[in-house]
Amino acid sequence: MGLLSLKALSPQIKQYLVITGNYWAFTLTDGALRMLVVLYFHQLGYSPLNIAMLFLFYEIFGVITNLVGGWLGARLGLNKTMNIGLAIQIIALGMLAVLAEMLTVIYVMAAQALSGIAKDLNKMSAKSSIKLLVPEGAEGKLYQWVALLTGSKNALKGVGFFLGGLLLTLLEFKGAIILMASLLAIVWVFSLIALKDDMGKATNKPKFNDIFSKSSSINILSAARMFLFGARDVWFVVALPVFLAVTFNWDHWWVGGFMASWVIGYGIVQSIAPYFTGKKQGKVPTGRAAFVWASYLTLIPAVIALALHFNFHIQASIIIGLLIFGAVFAINSSLHSYLIVSYAGSDGVSLDVGFYYMANAMGRLIGTVLSGWVYQEYGLEACLWISSSFVAMASLLSLKLPIESE
């Protein structure tokens with residue numbers, strides 16, 4: 001019965017399921033790897049700031065990969081860039097399956113650089129492919145599919161955090177890495193067979209300088225995205241976990257579990273974001289919605305910062321504030337993810353999506369570096385004020401986006 005119903009699905013749905021399954025498998029290993037590295041190097045006595053620096057190349061190469069990856073996707077086809085991403089992740093995992101004494105900081109940073117390249121090739125390919133699987137003019141379906149793909153990815157990344165801790169306990173670091181690489185290799189072989197050839201290949205071979213978007217809407221949205229994700233990571237990546245451990249005396253399992261739960265909840269809200277932003281009225285969001293939702297988000301880190309300043313029920317303020325921030329941030333992120341796919345041209349879609357996610361990666365990089373430095377020098381309150389100002393910038397930029405669907 002299951003096989004018959006699968007055969008009855010349209011080719012577009014089948015490709016969507018293959019792409020989504022591919023993306024899910026990758027995301028689980030990506031989340032698990034991050035938690036494995038954090039917990040394992042914590043056991044070895046590294047400070048939280050030093051552990052965060054292990055991911056610096058991961059973010060830097062994400063910026064580069066999104067620019068070059070969009071161009072590669074348009075020239076080679078999105079099926080190839082997605083499968084290349086999976087192969088690189090398997091290599092990155094293999095690099096870490098070595099003797100413990102070989103796992104120096106520089107060596108792990110190099111492996112994480114490869115993982116960053118793999119992740120952004122995979123993400124850019126998945127997001128771009130959705131544009132090509134939805135019929136022209138079906139903007140409501142496009143928004144639903146993008147929201148589902150994005151939200152499920154983030155929920156699974158949170159599951160991956162839990163998985164990483166569990167595998168470290170059961171199999172230790174090397175055993176966990178070997179298991180993940182083996183399972184991902186199986187997914188890779190299936191993906192090589194199942195993904196349609198030449199999906200997303202541009203009609204005309206794009207030149208390398210075409211990686212920079214010529215659309216004002218995409219440039220503005222990309223700038224807003226950079227500030228939006230910088231606003232999240234400036235307090236979420238380093239400052240918050242260290243603050244929870246130091247101020248509330250939480251052990252790393254409590255911190256990791258809380259952060260994982262937050263990411264899962266964030267992903268669930270992303271998946272259902274269309275129900276908050278107009279789908280019930282039969283509408284799809286425009287640039288005006290991006291401005292309104294960013295305006296709401298601006299207030300949240302500012303209120304948490306004030307609670308810290310006046311010493312007002314700090315633990316409750318941080319936890320409740322973070323949950324509210326996560327829900328509103330998820331809607332903002334889902335809106336942006338839909339708008340970029342909507343604005344992108346169908347021919348060579350990965351060029352536009354790659355440029356946009358380059359800005360996303362740049363925001364994460366800026367946020368990660370500031371999170372460590374600002375927290376170390378000035379504390380969590382300063383990180384929150386910077387977060388609020390970054391979201392305000394994203395909100396103001398969104399005023400320049402089209403107020404009609406493109």
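Positions are given from 1, in the same order as the sequence printed here.
No side-chain donor-acceptor contact under 3.5 Å links R364 to the backbone of I60. A donor-acceptor pair under 3.5 Å is formed between the side chain of S125 and the backbone N or O of L121. Side chain of T29 to main chain of F26: a donor-acceptor pair is present (N/O by atom type, distance under 3.5 Å, no hydrogens or angles). No donor-acceptor pair under 3.5 Å is formed between the side chain of S387 and the backbone N or O of C383. The main-chain N or O of Y356 is never found under 3.5 Å from a side-chain atom of N360 such that the two would form a donor-acceptor pair. At distances below 3.5 Å, at least one donor-acceptor pair connects side-chain atoms of N332 with backbone N or O atoms of A294.
For residues 306-330, no residue pair satisfies the salt bridge (charged side-chain N to carboxylate O under 4.0 Å, His left out) rule, not counting sequence neighbours.
The environment of CH2 in W262 is crowded: more than 12 heavy-atom neighbours from other residues, nucleotides or ligands sit within 6.0 Å. Around CD1 of I320, the count of heavy atoms belonging to other residues, nucleotides or ligands within 6.0 Å does not exceed 12.
Rounding to the nearest 0.5 angstrom, the gap separating the NZ atom in K119 from the CZ atom in R34 is 8.0 Å. I318 CD1 to L240 CG: the interatomic distance, rounded to the nearest 0.5 Å, is 6.5 Å.
Side-chain contact between D233 and L370: absent, with no pair of heavy atoms (C-beta onward) separated by less than 4.5 Å. Counting heavy atoms from C-beta outward, W293 and L335 have side chains that approach closer than 4.5 Å.
The closest side-chain donor-acceptor pair between T298 and S395, if any, does not fall under 3.5 angstrom. In this model, no donor atom of one side chain and acceptor atom of the other lie less than 3.5 Å apart for S371 and W235. Between the side chains of Y58 and D120, no donor N or O sits under 3.5 Å from an acceptor N or O.
Residue F229 forms a ring pair (Phe, Tyr, Trp, His ring centres under 6.0 Å) with just one option from F329, F236, F390, and that option is F329.
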Test ring pair (Phe, Tyr, Trp, His ring centres under 6.0 Å) applied to F243 and F248, step by step
CA-CA 7 Å; F243 183 86; F248 302 154; 5.5 Å; yes
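Ring to ring, W254 and F258 are not that close: their centroids are 6.0 angstrom or more apart.
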